[in-house]
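The structure appears below as structure tokens.
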Amino acid sequence: MKISQERMKRTFGFRPNDTFADGVCHLIGGFGNCGVVETDEGLVIFDISMKTFGRKIFRDLREITDKPIKYIIYSHGHFDHCFGFEPFIEEINEKGWEMPEVIAHENCVKRFEKYRMLDKYHIWLNQQQFASMKRPVEISPHESLDPTIFIRGNEEFTFKFGGFTFEIYSEWGETDDALWLWLPEKKVIFAGDLKVVGFPNVGNPYKVQRYPKHWALAMEKMMEKNADYLVPGHGELIEGKEKVEEVLSIIAEAMNFVHDEVVKRLNEGKWFEQIFHEMVEIFPEKLKNSPYLLPIYGSYEFAIHAVYRLYHGWYDTGNPTDLFPAKSDDIAKEFLKVADAPQFLEQAKKTMEQGKLQLTLHLLDVIIKGTESENALLLETLKLKSKVLKQKAMIETSFIATNIINNGALELKPKIKELKRKLKSQNP
Ligand SMILES: [Zn+2]
């Protein structure tokens, strides 16, 4: 039921900080890495983590250097990359320093506006997605450190500072406001969430459209640089030309594969269900077993959804029954007229014994949705569903999927408790 702290560390990169590239660059781990380029004229910071971790990365940075921050670059507008600014601003005010320039893609500002419009929804969804986090995820879309320099469309932006060249490239990938930084003098790429821990987070079940093909193109563009170091948005520093290339090329391969194979099947006139199950069957061993593509956070299955959704509408079965479906409760009630609840429960127990957990859930849902009386059988059904969900969560590897499944089990808890109490008061 619990996601181990070790796994959290692997997923989000809570790890010791790194200094590299002749002491010029630093990686400060938080929830969302902070990349630092130290020059004689001051610091260039690539991402400032999330609100909850702002103080941690600020403290760590000030143990390394006391130079002022001159530029902040946002890899993208997600809350874990540009909302940890508070302690940095406090310091600037205290010391009377000039405010740094803040560089972001123009879509980053649109993203902040969207977060403000959908603030309550985003608080809810992040509580769902990060339910197992020890520290609560603080989101404050109404306070942002807004960009002062905008990169538009797919523009490239280069500036010189402190004896170094800062080349910034804009991409689509996890988001449509992604920037990555290339420091040619030290051969370092700061990748943001175009490189995270495990499989790219490209088809998040709660979030807007993401872009697998563009992701592959971004990896290929990064490969042309022959970088010695790659600073990911989450997780450990990647060191060495060969390793950097290995990581980038396998991500590109995975993104190209999932994109091209879904597109091929769309052109063959297939619907989502068929495409999805075929795709699961043909997932190549090489990609499945790559240490850089483990489904720790995002997953291959999510990515299939992302490609389908990019090119297709919401009608996804090809069966007109599903175009304007009846309420699932009403459907379940009709099913229970054909075969009664005890029969469904008996069948669910059989499929459970056979290890068919997903089918078991479908059978149990007929009882849960279709039963109008609150009785002992419903209680047994709810308990069994909770058990199945916990078993599924144990074998699920994606952080996001595990949290969704565990949340489902948690939501059943008060229902089970309440029903137990009611039945007890009826039959003391
Ligand atoms: Zn991130």
Side-chain angles (χ1 to χ4, degrees), residues 3 7-15 27-36 45-54 56-57 72-85 104-105 107-108 111-112 114-115 122 125-133 135-141 144-145 170-181 189-212 214-215 218-219 222 230-238 247 251 292-299 302-303 306 398-400 403:
I3 294 177
R7 190 165 141 201
M8 298 283 279
K9 273 183 202 156
R10 270 196 294 147
T11 308
F12 297 114
F14 306 144
R15 56 183 311 281
L27 184 164
I28 301 176
F31 182 124
N33 287 333
C34 167
V36 182
I45 306 280
F46 191 82
D47 281 349
I48 47 172
S49 193
M50 66 186 277
K51 189 175 165 77
T52 321
F53 284 85
K56 189 254 175 216
I57 58 158
I72 296 172
I73 303 165
Y74 291 159
S75 68
H76 62 301
H78 277 165
F79 74 93
D80 51 332
H81 296 267
C82 28
F83 287 90
F85 54 83
H105 193 273
N107 288 345
C108 179
R111 177 179 301 282
F112 289 170
K114 183 182 77 176
Y115 287 163
H122 275 271
L125 89 76
N126 283 308
Q127 280 168 351
Q128 300 291 310
Q129 185 172 324
F130 299 100
S132 54
M133 291 276 294
R135 282 204 231 180
V137 170
E138 274 185 85
I139 317 272
S140 54
S144 52
L145 177 62
S170 42
E171 309 287 350
W172 287 8
E174 192 191 50
T175 59
D176 60 5
D177 61 350
L179 300 180
W180 59 276
L181 170 65
I189 289 172
F190 295 83
D193 280 359
L194 290 164
K195 169 68 185 86
V196 289
V197 181
F199 203 93
N201 185 14
V202 71
N204 185 313
Y206 290 114
K207 306 270 174 95
V208 294
Q209 184 64 55
R210 295 175 173 188
Y211 309 95
H214 292 80
W215 204 311
M219 299 293 100
M222 285 184 193
L230 189 142
V231 179
H234 299 265
E236 295 179 7
L237 175 70
I238 297 159
V247 171
I251 296 172
Y292 308 115
L293 295 172
L294 297 173
I296 292 170
Y297 191 68
S299 75
F302 290 171
S398 150
F399 175 85
I400 298 172
N403 279 333

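Counting starts at 1 for both ligands and their atoms, following the listed order. When a residue number appears, it is its place in the shown sequence, counting from 1.
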- request: Please examine the side chains of His234 and His81, heavy atoms only from C-beta on, and report whether any two atoms are closer than 4.5 Å.
  value: yes
query: With no hydrogens and no angle check, do the side chains of His78 and Asp193 hold a donor and an acceptor under 3.5 Å apart?
result: no
query: Do you see a donor-acceptor pair shorter than 3.5 Å between the side chains of Asp177 and His105?
result: no
- prompt: Ignoring waters, how many protein N/O/S atoms are under 2.8 Å from the Zn ion (ligand 1)?
  reply: 4
message: Please tell me whether His214 and Asp176 have a donor and an acceptor in their side chains that are separated by less than 3.5 angstrom.
response: no
Partners meeting side chain to side chain donor-acceptor pair (under 3.5 Å) with Asn201 (sequence neighbours left out): Glu174, Arg210
- request: State whether the side chain of Ser398 and the backbone N or O of Tyr297 hold a donor-acceptor pair below 3.5 Å, judged by distance alone.
  value: yes
